[in-house]
2 protein chains.
Amino acid sequence: MSSRPSAHVVYNALKDRILGFALYPGTRVTETELAADFGVSRTPIREALQRLAAEGFVTIRPKQGCFVRELDIEEIDQLYQVRIALESLALEQALERMARPELEALARDWHPARADAAPTSVDAMAQRDESFHIALARGSGNRVLTGLLEDINTRIHIIRRLDFTDRERIAVTYAEHHRIAALLLAGDLATARELMGAHIRYSQDFARTLTLRRLADLRRAAPTSPADD
Amino acid sequence: MSSRPSAHVVYNALKDRILGFALYPGTRVTETELAADFGVSRTPIREALQRLAAEGFVTIRPKQGCFVRELDIEEIDQLYQVRIALESLALEQALERMARPELEALARDWHPARADAAPTSVDAMAQRDESFHIALARGSGNRVLTGLLEDINTRIHIIRRLDFTDRERIAVTYAEHHRIAALLLAGDLATARELMGAHIRYSQDFARTLTLRRLADLRRAAPTSPADD
DNA sequence: GTGCTCGTCATTGCATGCAACGTGGGATAC
DNA sequence: GTATCCCACGTTGCATGCAATGACGAGCAC
């Protein structure tokens, strides 16, 4: 049934909780409590926390505890800025190294006419969106770049998926993705980059306002330490 | 004397060994063996290995063992490509957000006239070089960006330090660093970027040939598994 | 009443023991 | 002689026990 590596299960579960705001940023979690929660010993919990700390999701203060990383708007913004730079590089290298048939498939896949057949579920659509960007990254042949972009994607996933609650935004996504692929096929790197930049920046703006509101909601709903007011 | 966190000590020691090619890429290391080596139990060893795995220095194959990551030339090249893109972004954001006095200090620090007073030790000079690039990253105010660049730096550190075995290369470094800072002060982002790109690309070329030679040397000197010939 | 100190408790960090899995070698069948 | 199967060993993965450290609160001095 459950695959053996408990540590992995715990790791993924915790990451999901953190990214899904089920664990409110700033929360202190103890190994014992998590161990009891997951029904395993402290050892796999520790390993999971170590990995999460290495990836920056939690902060371990020695002999003190483990705290869920505060994910401020500033950081999300910075993640998007870096993402723009990296995806721009991906485009550049994809233009040189990506196989033409693959690119054509991508263009077909995102033909605006197919927007009607887009996934109805927000999560499915978000995944489809990510797959486009990851395909380009992979197409660059640069594994380091791909890894970094995947990492950034998981960190903004929870925000980004909210892009696709709006039907019109989905249509625009199809149009822009298609156009980016087409521009690459035509060899017009400069315009492709520009469009990609704008494409991501839109998402960035959306994320900014949305995060503000979401954080405010959460803060109102679950006041962790309202003592000092 | 020895600070308590054994896991940290082990982590750093292992990272140094890996980066310094004391642990040859592809080598299989067992927890028991490392535990005996460091004189600690397997627990802190495991933690260190987990972190190293999360950062991509080793690969853990479940129930099988821990292998030192193969660091091919291709990956180093890709790290440099990403680094160029990120440092370019750093310049852009540093231009907007970095305090002028800081930039001026940087320019003064790297004035070509001071090249004579450069550190004689290769390592000291490498550190000084890194501090320049990190200062710019920090100056961007983008912590995500800074973190990524620091990460990339540690991964190419062992190669990069060999840049400074040559006295003339040091002089060129001073000149270019100074010019980059000056260009930022003058607000000429485009030229600064170009120069930074060329500056790093030189290092990249150097690394490429050097890695090839170094790996060949090591392979000749320490044949790990010559059994199958 | 306020500040300091000390003791208790909770929690982490490390060591060790045990079970499960993968691997390699030897024996056997053909 | 070769291929296959099985067993034993090595290694990892997890559970548990113990020591040490930092935090919190009570009590005391002023």
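Below, each value reflects all heavy atoms present in this structure, side chains not excepted, and no hydrogens, waters or symmetry copies.
Every residue was checked against the salt bridge (charged side-chain N to carboxylate O under 4.0 Å, His left out) condition with B:Arg108, not counting sequence neighbours, and none meets it. Listed by chain and residue number, nothing satisfies the salt bridge (charged side-chain N to carboxylate O under 4.0 Å, His left out) test with B:Asp151 (two or more places apart in sequence, or in another chain). The salt bridge (charged side-chain N to carboxylate O under 4.0 Å, His left out) check on B:Glu104 picks up B:Arg100, with sequence neighbours excluded.
Contact annotation for B:Val29: backbone-only contact, meaning every heavy-atom pair under 4.0 Å involves sugar-phosphate atoms and none involves a base.
Heavy-atom distances under 4.0 Å link DNA chain D to A:Val40, A:Ser41, A:Arg42, A:Thr43, A:Pro44 of residues 40-56 of chain A, given in residue order.
Between the CZ atom of B:Arg61 and the C1' atom of D:dG13 there is a distance of 17 Å, rounded to whole Å. Atom CD in B:Glu31 sits roughly 16 Å away from atom P in C:dG22 (whole-Å rounding). To the nearest angstrom, P of D:dC14 lies 15 Å from OH of A:Tyr11. Rounded to whole Å, atom P of C:dG24 lies 9 Å from atom CD of B:Gln64. Regarding A:Ile60, its CD1 atom lies at a distance of 7 Å from the P atom of C:dG13, rounded to whole Å.
Applying the salt bridge (Lys or Arg N to Asp or Glu O under 4.0 Å) test to pairs two or more places apart or on separate chains, those with a residue in residues 9-29 of chain B are B:Arg17-B:Asp37.
Under 4.0 Å is where a charged nitrogen must lie from a carboxylate oxygen, and between A:Glu150 and A:Arg138 at least one such pair does.
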Distance-only check: which donor-acceptor pairs under 3.5 Å involve side-chain atoms of residues 83-93 of chain B, not counting sequence neighbours?
from: B:Arg83; atom 1: NE; to: B:Glu87; atom 2: OE2; distance (Å): 2.9
from: B:Arg83; atom 1: NH2; to: B:Glu87; atom 2: OE2; distance (Å): 3.3
from: B:Glu87; atom 1: OE1; to: B:His133; atom 2: ND1; distance (Å): 2.9
from: B:Glu87; atom 1: OE2; to: B:His133; atom 2: ND1; distance (Å): 3.2
from: B:Ser88; atom 1: OG; to: B:Arg193; atom 2: NE; distance (Å): 2.5
from: B:Ser88; atom 1: OG; to: B:Arg193; atom 2: NH2; distance (Å): 3.4
from: B:Glu92; atom 1: OE1; to: B:Arg193; atom 2: NH2; distance (Å): 2.8
from: B:Gln93; atom 1: OE1; to: B:Asn142; atom 2: ND2; distance (Å): 3.2
from: B:Gln93; atom 1: NE2; to: A:Gln81; atom 2: OE1; distance (Å): 2.8

